[in-house]
Protein chains: 2
Amino acid sequence: MELGDRKKSILKAIITDYIETAEPVGSRTIAKKYEMGISSATIRNEMSDLEDLGYLEQPHTSSGRIPSDKGYRTYVNYLMQVNYPTNEEIELIKNYMKFATVYEVDKIIKRTIKLLSQITMYTSAVLTPSVNRSTVKSIQLIRVSARDVIAVVVTDTGIIKNVVIKLPKEVSTESIMRISNMLNSKLYGLTIEEIDLAVISSIQNEMRGYSEIFNAILPVIYDSLKANDCDVYLEGATNIFNYPEYDDRDKAYNFLSMIENKDVLIEALSSGDDNITITIGKENEIEEIKDCSIIKASYKVGGKTAGTIGVIGPTRMNYARVIGIIKCLTDILNDILKSP
Amino acid sequence: MELGDRKKSILKAIITDYIETAEPVGSRTIAKKYEMGISSATIRNEMSDLEDLGYLEQPHTSSGRIPSDKGYRTYVNYLMQVNYPTNEEIELIKNYMKFATVYEVDKIIKRTIKLLSQITMYTSAVLTPSVNRSTVKSIQLIRVSARDVIAVVVTDTGIIKNVVIKLPKEVSTESIMRISNMLNSKLYGLTIEEIDLAVISSIQNEMRGYSEIFNAILPVIYDSLKANDCDVYLEGATNIFNYPEYDDRDKAYNFLSMIENKDVLIEALSSGDDNITITIGKENEIEEIKDCSIIKASYKVGGKTAGTIGVIGPTRMNYARVIGIIKCLTDILNDILKSP
DNA sequence: ATTAGCACTCTCATTTAATGAGTGCTAATT
DNA sequence: AATTAGCACTCATTAAATGAGAGTGCTAAT
């Protein structure tokens with residue numbers, strides 16, 4: 001269904017205005033504020049058409065119109081122009097990010113979403129890469145005390161994972177080192193998913209003398225890597241109080257409960273493809289966020305797609321601005337994290 | 001200023017009622033609901049006295065009375081009886097906690113505060129132990145790639161810290177191991193605060209051959225340990241929506257903003273002594289939480305005082321119940337974490 | 001095809017009045 | 001001297017009434 005040019009520009013004006021004011025937009029506002037060259041009555045007729053076509057909604061008879069999810073979708077796909085940060089702003093962002101004297105993926109990313117929530121004024125989140133689909137870059141055992149061992153697993157996606165293991169009996173540093181070396185050489189380059197019975201028994205074969213210790217260690221590491229697959233961090237949850245859609249106590253409560261629930265967030269942020277993904281209102285499959293929009297993009301570590309950063313807020317979101325900022329931020333982030 | 005018995009029991013009744021109902025309490029309510037054996041007129045006079053003495057406040061003339069901070073303080077110190085969980089409840093709690101197949105202080109504690117927020121229905125938080133005042137139980141370097149090294153520091157308070165170090169030039173596994181062993185033997189048993197110039201130059205002396213690498217490594221580790229001294233985790237922030245004091249949008253916003261600010265939380269939770277510390281309303285030095293109460297207790301790892309867990313909520317808190325639960329939970333927690 | 005004009009609708013803020021819980025005071029009672 | 005009944009008064013809360021304002025939809029004129 002192709003819209004005429006006039007309908008398009010009216011729709012664009014309405015959405016622009018609504019994003020700015022959060023008030024239902026009336027025909028007279030459009031006629032006065034935006035130079036349309038036609039009277040409010042004509043706009044009224046067009047608006048009526050746009051409503052019939054599903055691009056607009058009326059909260060109640062004789063109020064202005066607000067965009068529907070379909071309206072926003074059209075706006076995002078065809079009408080708006082992405083609003084990129086200026087060069088000066090980009091410099092500021094880069095400076096803020098460059099602090100990273102220490103190369104720690106975790107910290108850099110947390111800092112990124114903090115910035116993201118601050119400049120967008122929405123809630124931002126990051127989904128850390130799935131451990132399962134990362135490959136092992138290094139796995140080493142550290143003997144902390146007679147019966148305590150920590151396995152430190154580093155993945156190509158920059159995750160460092162500590163697995164604490166309590167051994168059934170005392171073990172020498174020697175033995176630990178031998179097992180450690182063996183594990184490292186055998187598991188290097190594999191994803192967690194690829195570690196199967198064949199791999200394990202191959203290691204066990206070469207470790208006959210240590211089978212008891214070995215059997216105490218491997219399952220724990222394996223379970224731990226499998227279990228806590230990925231993680232989310234949040235920033236700026238209270239930013240929603242800036243927006244009148246959350247003046248209603250229950251709305252605010254629902255939003256905050258939703259983001260307090262990690263499972264929901266993980267689902268909401270995952271499966272963003274390489275580029276920017278925008279999900280508007282009911283397009284979202286998750287019940288709890290059917291009145292929110294999410295803008296998310298994946299970032300890369302060492303050139304490999306790792307996790308996802310995103311912004312979540314009301315469907316009346318400043319798409320043009322947020323998209324610009326996220327694009328800019330992921331570019332900078334990818335650059336910082338590109339070194340292998 | 002000693003209160004008479006009758007004043008005491010009236011004060012207790014008022015506070016009990018107010019904690020339950022969140023409504024200003026009137027003299028008639030007390031006379032009817034609590035068997036006082038005196039008329040509402042008499043209670044009225046006593047209440048007037050209690051207000052003059054500062055134990056009660058009146059939101060406006062001709063409304064019931066609500067407790068002042070001083071009133072709550074008296075209630076907590078002299079009037080209430082701590083309400084411990086029943087044996088069955090304790091068993092449930094223990095079962096929930098016992099899941100810990102893996103001995104990881106971090107996870108166990110996060111699980112504890114999750115439980116704490118769920119059964120108290122308030123917001124709970126944990127302050128992890130100060131790294132500075134913990135002693136090094138193990139420090140080891142792991143070579144991840146030619147120029148990447150990770151230092152894994154384990155403290156007696158159960159903290160595992162990973163410090164990522166990018167070396168200026170390629171270094172052999174041999175060298176790393178030698179430095180690692182040296183660091184471990186020299187720093188073992190010291191607190192971070194105790195690591196001073198004397199210690200560092202003593203190590204440098206024995207590591208003449210590696211001074212370049214060594215100088216690249218040590219400052220990074222040192223800074224990292226110093227910098228991020230302690231951390232807080234939160235659970236159940238949205239629980240405040242259960243309480244009418246946060247029906248007001250601004251109140252809720254203030255509370256949630258406060259909680260989102262880690263510095264405030266750290267300050268609020270620190271310096272709890274060994275036992276349970278209760279801070280009521282304006283007793284709190286921090287501006288942002290002058291209308292909240294905090295109940296906190298420190299927990300021990302391996303017998304040594306480590307971090308603090310706490311509950312934060314409105315001054316109209318169910319002190320008797322929360323104190324009982326926190327006492328019970330720290331006991332269980334200390335028991336789980338007592339093994340060295 | 002467009003627009004001016006007008007009746008109609010619905011929300012929101014304000015006013016008004018009624019209700020009710022609770023106090024404080026005084027005078028009577030124990 | 002302490003307690004209590006009784007009553008006038010205060011203040012918050014609620015519901016109903018009112019009016020202004022923004023906006024639409026329709027009709028007739030351009």
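What you see is a predicted model, and the numbers here were worked out from it, not measured in a lab. Throughout, a chain's letter reflects where its sequence line sits, starting with A, and its residues are numbered from 1.
- Applying the side-chain contact (heavy atoms from CB on, under 4.5 Å) test to A:Asp49 and every residue at least two apart in sequence or in another chain returns A:Lys7, A:Glu46.
- Taking B:Tyr34 as the reference, B:Ala13, B:Thr16, B:Asp17, B:Ile30, B:Met36 meet the side-chain contact (heavy atoms from CB on, under 4.5 Å) condition, with sequence neighbours excluded.
- For the contact set between residues 28-36 of chain B and DNA chain D, defined by any heavy atom under 4.0 Å, there are no members.
- Distance CD (B:Glu46) to P (D:dA2): 11 Å, rounded to an integer number of Å.
- Straight-line distance from the CZ atom of B:Arg65 to the C1' atom of D:dC11: 14 Å, rounded to whole Å.
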Point to revise | Contact letters for nucleotides 6-19 of chain C, in which S counts primed atoms plus P, OP1 and OP2 and B counts the base, heavy atoms under 4.0 Å | key: ---BSS--------
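- The shortest distance between the side-chain N/O atoms of A:Ser48 and the OP1/OP2 oxygens of D:dT24 is not below 4.0 Å.
- Residue A:Ser27 is in sugar-phosphate contact alone, with no base atom involved, counting any heavy-atom pair closer than 4.0 Å across all strands shown.
- For the pair B:Lys70 and B:Tyr55, the cation-pi criterion (under 6.0 Å, within 45° of the ring axis) is fulfilled.
- Listed by first residue number, the stems of DNA chain D with at least three Watson-Crick or G-U pairs below 3.5 Å are C:1-30 with D:1-30.
- Residues B:Ile43 and B:Pro59 each lie close to DNA chain D; by heavy-atom proximity, the contact nearer the 5' end of the strand is made by B:Ile43.
- Residue pairs meeting the ring-ring contact (aromatic ring centres under 6.0 Å, His included) criterion with at least one partner in residues 65-87 of chain B, sequence neighbours excluded, are B:Tyr72-B:Tyr319.
- Taking 4.0 angstrom as the limit, A:Ser63 places none of its side-chain polar atoms (N or O) nearer than this to OP1 or OP2 of D:dG23.
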